[in-house]
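I have placed the structure first, in the form of structure tokens, so that the comments after it can refer back to it.
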Protein chains: 2
Amino acid sequence: MSPNAREAILAAAKTTAQARGYNGLNFRELAAEVGIKGASIYYHFPSKADLGVAVARRYWEDAAAVLEEISAANPDPASCLRQFPATFRKALENDNRICLCSFMAAEYDELPDAVKQEVQTFADVNVAWLSKVLSTPGIIGAKESEARARAIFAAVAGAQLMARSRADIALYDALIDNYRAAGLLPA
Amino acid sequence: MSPNAREAILAAAKTTAQARGYNGLNFRELAAEVGIKGASIYYHFPSKADLGVAVARRYWEDAAAVLEEISAANPDPASCLRQFPATFRKALENDNRICLCSFMAAEYDELPDAVKQEVQTFADVNVAWLSKVLSTPGIIGAKESEARARAIFAAVAGAQLMARSRADIALYDALIDNYRAAGLLPA
DNA sequence: ACCTGAACACCGTTCAAGT
DNA sequence: ACCTGAACACCGTTCAAGT
């Protein structure tokens, strides 16, 4: 497994943390997935906190890239907004997982500070993208669009969490539809 | 600690689980809070799953009682809805904790089935109350009011989670305000 | 550079024994 | 009835040591 053990560890840690959180991450199990021993992970990541930081950072970097792709492919802001909930749907499609950062938000009390920082950056990245898209038509002011962006982010994360608690992806879709019907998201 | 060790265990488990989840519950620590030894908890709860069930059940029973009080004190449905977000604010006020069932929803994969059931009942209780209140004016149909009730529940839980991730209760208030401004909650 | 064995501290659980 | 000490099997983590 030497070619890129570090990347393999990051990938395994990401999917595990989406299902069991930062606390659910365990080095022996992670190592087994990668084909090395638990102790070997410490060569790549000096501590669990370092692994947590690396995983959460990679997570928001990937999210930022996906959002940029959506922006690039959709000049129309309304169509960008229509596609946003699909980014959170992906985790549910992957065996009822949730956003890594939602899980870590719940684990806030036990999270190393450096990991907390990355979790917040994930939210910042999403809110900044939403805010930019919302203010594009020039209808909503910058300040209002940021507040709305935060509300959309929080509501979508909540819908994902509720859907997970019932292992029901149709519930997620219904919640998003209702956000649209209520006016939180553009129809 | 004999007068009511069982109740003391339940209370300690509740606050701990609101901060660290079901997985964060450990018998030795819980016992220390109550003034007994870890092994003694097994006299009151045969297994961790049994404790989890008892805590989650008590949690929704208490929530149901609080909601009934609100209904009783406020004949006006609009004023009931105005007060709903305060029930979730309480946990944040208590050292940045969150809803026990939100945390357990995140922990879905590792939860005993009987605990999952109680977590879902918590959501059911909240959704049923919201749905009833929403349909009172007769403006919204029963089916529509239930869908909206679910959306409000999910969005409020999401707001609580996001506020926790920044230990920022003012953010919670701002998110709720924005839900109102957007039309998800009545202004 | 990359990995491992062995050890440590801790956890859920059990159970025989105490009061 | 209610509680405890001691033990068991297991797990996350660390680190000195291997190649």
Side-chain angles (χ1 to χ4, degrees), chain A residues 1-56 100 103-104 106-115, chain B residues 1-56 100 103-104 106-116 118:
Chain A
M1 248 313 151
S2 25
N4 215 339
R6 194 189 143 90
E7 285 301 316
I9 294 164
L10 278 177
K14 175 190 153 186
T15 44
T16 300
Q18 282 185 284
R20 293 193 246 153
Y22 177 79
N23 286 133
L25 241 35
N26 97 66
F27 279 33
R28 275 197 250 260
E29 204 176 288
L30 237 39
E33 277 185 64
V34 174
I36 56 178
K37 298 294 172 186
S40 308
I41 293 183
Y42 287 86
Y43 174 73
H44 301 281
F45 302 96
S47 74
K48 187 174 177 178
D50 290 289
L51 174 62
V53 168
V55 171
L100 184 82
F103 211 132
M104 288 184 173
E107 295 177 302
Y108 184 84
D109 275 18
E110 301 185 290
L111 233 43
D113 285 340
V115 181
Chain B
M1 245 317 149
S2 26
N4 216 338
R6 192 190 145 90
E7 285 301 316
I9 294 163
L10 278 177
K14 174 190 154 188
T15 44
T16 299
Q18 281 185 284
R20 294 194 245 153
Y22 177 79
N23 286 132
L25 241 35
N26 96 66
F27 278 34
R28 282 196 242 257
E29 203 178 288
L30 236 39
E33 275 184 67
V34 174
I36 55 177
K37 298 293 172 186
S40 308
I41 294 183
Y42 285 86
Y43 174 75
H44 302 281
F45 302 97
S47 74
K48 186 173 178 176
D50 289 290
L51 173 61
V53 167
V55 171
L100 184 85
F103 211 133
M104 288 183 173
E107 295 177 300
Y108 185 83
D109 275 17
E110 302 183 288
L111 233 45
D113 285 340
V115 181
K116 277 180 195 161
E118 302 298 331

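Note on naming: letters A, B, ... go to the chains in the order of the sequence lines (proteins, then strands), and numbering restarts at 1 for each one. No experiment lies behind these values; they were computed from the predicted model shown.
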- Query: For A:Leu111 and A:Met104, which heavy atoms make the closest approach, and how far apart are they?
  - Reply: CD2-O, 3.3 Å
Heavy-atom donor-acceptor pair, [X] side chain to [Y] backbone, under 3.5 Å:
X	Y	value
B:Lys37	B:Ala32	no
A:Lys14	A:Ala56	no
B:Glu118	B:Val53	no
B:Thr16	B:Ala12	yes

- Message: What does the B/S/- profile of nucleotides 5-11 of chain D look like, 5' to 3', with a 4.0 Å heavy-atom cutoff to protein?
- Response: B-B---B
- Query: Centres of the B:Tyr42 and B:Phe27 rings: under 6.0 Å?
  - Reply: yes
- Message: For A:Glu29, is there an ion pair with A:Arg20 - N to carboxylate O distance below 4.0 angstrom?
- Response: yes
- Using Watson-Crick geometry (N1-N3 plus N6-O4 or O6-N4) or G-U wobble (N1-O2, O6-N3), each under 3.5 Å, C:dC11 is paired with none
- Complementary nucleotide of D:dA16, counting Watson-Crick and G-U pairs under 3.5 Å: C:dT4
- Close residues, residues 42-51 of chain A, relative to DNA chain C [heavy-atom separation under 4.0 Å]: A:Tyr43, A:His44
- If you look at every strand shown and take non-hydrogen atoms under 4.0 Å, does A:Ile41 touch a base, only sugar-phosphate, or nothing? nothing
- Separation of atom CD1 in A:Ile36 from atom C1' in D:dT19, rounded to whole Å: 16 Å
- In whole Å, what is the span from the CD1 atom of A:Ile9 to the P atom of D:dG12? 15 Å
- Apply the test side chain to side chain contact (heavy atoms under 4.5 Å, CB included) to residues A:Val34 and A:Ile41: give CA-CA distance (whole Å), side-chain angles for both, the deciding distance (0.1 Å), then the verdict. CA-CA 10 Å; A:Val34 174; A:Ile41 293 183; over 6 Å; no
